Every structure is written in structure tokens, then in C-alpha cells.
Novice: 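Here you go, one structure.
Start at 1 with the first residue, then count along the sequence. Model, not experiment: these values are computed from the prediction.
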Amino acid sequence: MVVARSIALKAVNTASLWGLNRSRFGGLPKVQTVRALSTIMSPPSKAVVYEHHGPPDSVTRMIELPPVEVQENQVCVKMLATPINPSDINRIEGVYPVRPQVPAVGGYEGVGEVYSVGSAVKGLSPGDLVIPSPPSSGTWQTYVVKDHEIWHKISKHSPIEYAATVTVNPLTALRMLEDFTTLSTGDSIVQNGATSIVGQCVIQLARYRGIHSISIIRDRAGSDEVKERLKALGADEVFTESQLEVKNVKSLLSNIPEPALGLNCVGGHAASLVLKFLRQGGTMVTYGGMSKKPVTVSTSSFIFKDLSLKGFWLQKWLSADKAKECRDMVDYLLRLAQEGKLKYEMELVPFDKFHSALEKALGKHGSQPKQVIKF
């Protein structure tokens, strides 16, 4: 009897907690006790939530959220797929610079189908395929209610898994190729972290534009197979880090010109290897730091090679009133995916197996494909 009463009290407290903070989860308002007969309501939603920051496998749980009123300018979307990105993990851990207030529903990008629309919404109808663009927090749930301006209608022919993942990684790759130096057909770029989704996209987008790519991977079992896989995507050269322990790395290049642009998502020694390849006046762009080690640059690289170091953060770019440009580029990337010109490895996981997918995304089972939750 005592145990039952304890569980009941916990349930009441949890409901109160989520009821008070429901507006934080994609614009969910408090449940109304009296509603007009014409009020549109969302279905109940199952969501992955966290009430405080910490290790994602410890602080996240799946709960049921009650129906929500769909206001006149809002759209209710039935989610179809959503990925688990490193930035999602960092938000839950509380270390990402921009994150929702807790308690919060996880997730930042995804794809869904319009379920219902508010009375004032134009241009969107039930059945339309949509993505939040720019991305918006709270996609790890079965139904999402947000303002109509958040949703971007995409082609119904778009591959679902690519529509769910097109913004954070492929868009990062595209912007870095376009924003930091002018690359022409026949030029080259060099990158580390080439097996990442961004790295794979960089290889393919560069090849599509006639730009050579040099990729650096860490030493690992099966590195020859990894090299062949990256070359099949379009990489011109793929080296392990140990292969680059030579005095002049450029002697390893055959008919490829010295790279004008380097991309770094690792830091530490791997970043130094990127710098060794760059031509006079070249630029290295850092967009991640997987090794958690700093980027170090020799004095001679600055003085005699006149190298430039830049940083790229997609969140900052998207916040600079880039919604229209973002959507145009998303459509471009989805067309490439539809045509088979842009692809990367993903694993689709049912929503009820979310925590198994989370363990893989956290690296607890070694190197794994991008985990994409399918509802």
C-alpha cells in the first residue's frame, strides 16, 4: 500500500512538472479545462525528455505527453524520423553553448508529415512532408506542435532518412566549402575526420564540383576497407595518420595541387597534419574538436606560409537571418540525395529502441553508423 501510494504521488508530481513547463517543448501550451468545440487538438505524444543536464543515458527517459491545442498559426506534425547528433548529446550534457531550458524534449532536426493545421495557416496541408528549417529543438517525440513559420515543405520524393538528417551535417559541409575561400574546378581540399557524416559529404560535394579531396583517418583495424569506402565516395587520396609521419607530406601527392582549404573536426595532432598539407596562404577551418586537444600552430606556418585559421559553427550561421538561404540549400542537398549523388551510412532504429540507439551514438559499442530514430 505504501509503495502504491509512493508511485501515485510520483506520477502526480511528474505530471505537474511537465504541465508547468509544457510551453518549452516546441510551444506546447497548458491543457485547457474548457475548450470550444472547434478547437484542434494534437494526439497524445510519446517523447524522450530530460529534467536536468547530465549523462544522456542516465538523465533521459520516455514519457507520455497529453494532447495539445493547435493554435491558429500553429502546425501539428507527426514525426517520421529524427537523428541522434553529437550536438544533441552535448545539449543534454549541458555543455553546448545554445540549449533549451530544462526540462526539455531532446532532438534538433528531423522530418515529419503534417497532421493538422491551425485556422490561419496557409501553404501547408495535412499529408505534406516537412522539416523544421532552421532546425528547432524538441524533435524526439511522436507529435510536434510549432508555429507554421518553423516548418519547411519539402518534396514528397525526398528519402526520409536524408530529409531527417540533411541540415546539421550536410549543410555544414556545404557552407564550409563555399564560405572561406574560392574553390575552382581542379583545386583541392584536405580534411581529417573523413569518416564522419560531414567528412563523407565534403568528399561527395567536392567531387560533384570537380574539386580534389585528401582525407586523413586515424589508424585503426580495417583501415584499408575504410580507405576504399571513402575512395568509392570520391576521395582522391586517403591517408592514415601514421602514413603522414614523413618530412614532406606533399611528396605523397601525385597530380593533386596543394590544398587551398583544410577542414578540422579533431584537433590536436590531426589538425597539425591538415596544416602540413596547406599551400601558401591556405586556410584551415575548425568545426569540431573530437580529440578534446587544442589546435597548435608553428610560428613558421604563420610567418612563412601566411596560413589563416577560422572557425565554423552552423548555429551561428543559421541565427544570422539565413532562413531563406538555408531552405534553398536544403532543397539542393535533398535533390542530390534523391539522385544518389549524396549518401552516407545510417542505421534506422524504432523509437521504442531509442536507448539502444543512444548507447551506440555515445560510442559504447565502437564505431557505428549515424543513429536515426524512425517513428
Side-chain angles (χ1 to χ4, degrees), residues 169-220 223-266 269-288 295 297 301 305-312 329 332-333 335-337 339-345:
N169 292 302
L171 187 55
T172 292
L174 180 59
R175 290 313 330 149
M176 291 193 298
L177 287 174
E178 294 192 350
D179 285 358
F180 295 95
T181 189
T182 301
L183 294 171
S184 303
T185 300
D187 285 343
S188 71
I189 60 112
V190 58
Q191 65 169 342
N192 57 33
T195 58
S196 67
I197 298 294
V198 173
Q200 294 176 59
C201 290
V202 164
I203 290 169
Q204 294 169 88
L205 292 171
R207 179 182 65 173
Y208 188 64
R209 296 167 180 222
I211 298 166
H212 301 288
S213 64
I214 303 157
S215 291
I216 303 168
I217 61 174
R218 61 183 174 83
D219 291 273
R220 69 183 83 184
S223 59
D224 288 339
E225 289 81 358
V226 173
K227 288 180 181 181
E228 291 306 312
R229 192 168 72 245
L230 294 179
K231 286 184 177 180
L233 291 177
D236 292 272
E237 296 285 357
V238 184
F239 300 104
T240 60
E241 292 180 6
S242 62
Q243 284 183 286
L244 301 179
E245 299 302 327
V246 296
K247 186 173 183 180
N248 181 16
V249 296
K250 295 171 187 176
S251 65
L252 300 174
L253 302 179
S254 51
N255 297 318
I256 301 175
E258 292 179 306
L261 177 68
L263 305 176
N264 164 50
C265 68
V266 180
H269 179 60
S272 300
L273 294 176
V274 170
L275 289 169
K276 288 171 71 173
F277 274 104
L278 290 179
R279 74 185 186 193
Q280 180 82 18
T283 299
M284 184 175 80
V285 179
T286 293
Y287 66 99
V295 173
V297 189
S301 293
K305 292 187 67 176
D306 192 27
L307 298 183
S308 298
L309 302 184
K310 303 283 187 179
F312 180 80
M329 288 184 292
Y332 165 72
L333 291 166
R335 283 195 300 273
L336 292 181
E339 294 167 2
K341 297 173 181 175
L342 184 67
K343 52 190 175 183
Y344 38 88
E345 190 178 2

Novice: Rounded to the nearest 0.5 Å, what separates atom CG in L244 from atom OG in S272?
Specialist: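 Rounded to the nearest 0.5 Å, the CG-OG separation comes to 11.5 Å.
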
Novice: Side chain to side chain donor-acceptor pair (under 3.5 Å): which pairs involve residues 230-239, sequence neighbours left out?
Specialist: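 As it turns out, the side chain to side chain donor-acceptor pair (under 3.5 Å) pairs with a partner in residues 230-239, which skip direct neighbours, are H212-D236.
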
Novice: Considering residues at least two apart in sequence or located in another chain, which fulfil the side-chain contact (heavy atoms from CB on, under 4.5 Å) criterion with S184?
Specialist: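 Expected list: D187.
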
Novice: Only distances under 3.5 Å count here; give the side-chain donor-acceptor pairs of residues 248-257 to other protein atoms, sequence neighbours excluded, each with its distance to 0.1 Å.
Specialist:
unit_1	atom_1	unit_2	atom_2	d
N248	OD1	K250	N	3.2
K250	NZ	E258	OE2	2.7
K250	NZ	L278	O	3.2
S251	OG	N248	O	2.6

Novice: List the residues meeting side-chain contact (heavy atoms from CB on, under 4.5 Å) with D224, not counting sequence neighbours, and say none if there are none.
Specialist: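 With sequence neighbours excluded, D224 shows a side-chain contact (heavy atoms from CB on, under 4.5 Å) to K227, given in chain and number order.
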
Novice: Please give me the minimum heavy-atom distance between A206 and L177, naming the atom from each residue.
Specialist: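 Looking at all heavy atoms of both residues, the shortest contact is N-CD1, 4.1 Å.
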
Novice: List for me each residue that meets salt bridge (Lys or Arg N to Asp or Glu O under 4.0 Å) alongside K341, sequence neighbours excluded, and say none if there are none.
Specialist: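 Only E339 meet the salt bridge (Lys or Arg N to Asp or Glu O under 4.0 Å) criterion with K341.
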
Novice: Sequence neighbours excluded, which residues qualify as ring-ring contact (aromatic ring centres under 6.0 Å, His included) partners of F312?
Specialist: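 Counting only residues at least two positions away or on another chain, F312 forms no ring-ring contact (aromatic ring centres under 6.0 Å, His included).
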
Novice: A271: which residues meet the side-chain contact (heavy atoms from CB on, under 4.5 Å) condition with it, sequence neighbours left out?
Specialist: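 Residues passing side-chain contact (heavy atoms from CB on, under 4.5 Å) with A271: N264, M284, V295.
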
Novice: Restricting to pairs with a member in residues 194-211, which pass side chain to side chain donor-acceptor pair (under 3.5 Å), not counting sequence neighbours?
Specialist: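 Those involving residues 194-211 are E178-R209.
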
Novice: Once rounded to the nearest 0.5 Å, what's the spacing between atom OG1 of T283 and atom CG of L275?
Specialist: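 If I round to the nearest 0.5 Å, the distance is 10.5 Å.
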
Novice: Given M176, which of T172, D179, L174 fulfils the side chain to side chain contact (heavy atoms under 4.5 Å, CB included) condition?
Specialist: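 So the option named by the test is T172.
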
Novice: Considering all heavy atoms of both residues, which atom of C201 and which atom of A173 are nearest to each other, and what is their separation?
Specialist: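 In terms of heavy atoms, the two residues are closest at CB-CB, 3.7 Å.
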
Novice: To the nearest 0.5 Å, what is the distance between CG on L230 and CD1 on I216?
Specialist: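 Nearest 0.5 Å value for the CG-CD1 distance: 12.0 Å.
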
Novice: Can you list the residues that meet the side chain to side chain donor-acceptor pair (under 3.5 Å) rule with T181, with sequence neighbours excluded?
Specialist: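 By the side chain to side chain donor-acceptor pair (under 3.5 Å) rule, T181 matches no residue at all.
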
Novice: Among residues at least two apart in sequence or on other chains, which ones pass side chain to side chain donor-acceptor pair (under 3.5 Å) with Y287?
Specialist: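 By the side chain to side chain donor-acceptor pair (under 3.5 Å) rule, Y287 matches no residue at all.
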
Novice: Output the distance between atom CG (L273) and atom OG (S242), rounded to the nearest 0.5 Å.
Specialist: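 Output value for this atom pair is 10.0 Å.
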
Novice: Should P259 and I214 count as side-chain neighbours, where that means a heavy-atom distance under 4.5 Å?
Specialist: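 SC-SC contact between P259 and I214 confirmed.
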
Novice: Indicate yes or no: at least one non-hydrogen side-chain atom of F180 is less than 4.5 angstrom from one of S308.
Specialist: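 Result no, sub-4.5 Å side-chain heavy-atom pair not found.
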
Novice: Around atom NZ of K310, are there more than 12 heavy atoms of other residues, nucleotides or ligands at under 6.0 Å?
Specialist: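 Result for NZ/K310: open.
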
Novice: Who passes side-chain contact (heavy atoms from CB on, under 4.5 Å) against D306, sequence neighbours left out?
Specialist: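 side-chain contact (heavy atoms from CB on, under 4.5 Å) check on D306 returns Q280.
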
Novice: Taking the side chain as every heavy atom from C-beta outward, state whether Q191 and I203 have any atom pair closer than 4.5 Å.
Specialist: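 Heavy-atom side-chain distance check passes, below 4.5 Å.
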
Novice: How long is the span from the CG atom in L263 to the CG atom in N192, to the nearest 0.5 Å?
Specialist: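 Taking CG in L263 and CG in N192, the distance rounds to 8.5 Å.
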
Novice: Looking at H269 and E245, what are the two nearest heavy atoms and their distance?
Specialist: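 That would be NE2-OE2, 2.7 Å.
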
Novice: Which heavy atom in G288 sits nearest to a heavy atom in T286, and how many Å separate them?
Specialist: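 For G288 and T286, the tightest heavy-atom pair comes out as O-CG2, 3.4 Å.
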
Novice: Going by salt bridge (Lys or Arg N to Asp or Glu O under 4.0 Å), name the residues that satisfy it together with K343, two or more places apart in sequence or in a different chain.
Specialist: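 Testing K343 for salt bridge (Lys or Arg N to Asp or Glu O under 4.0 Å), a comparison that skips the adjacent residues, returns none.
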
Novice: Are the side chains of I217 and S223 in contact, using a 4.5 Å heavy-atom criterion?
Specialist: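 S223 vs I217: side chains touch.
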
Novice: Quick one: CG on L205 to CG on L183, what's the gap to the nearest 0.5 Å?
Specialist: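 Reported to 0.5 Å precision, the distance equals 12.0 Å.
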
Novice: Please answer whether the main-chain N or O of I197 pairs with a side-chain N or O of N169 as donor and acceptor at a distance below 3.5 Å.
Specialist: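 Checking the backbone N and O of I197 against the side chain of N169, no donor-acceptor pair under 3.5 Å is found.
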
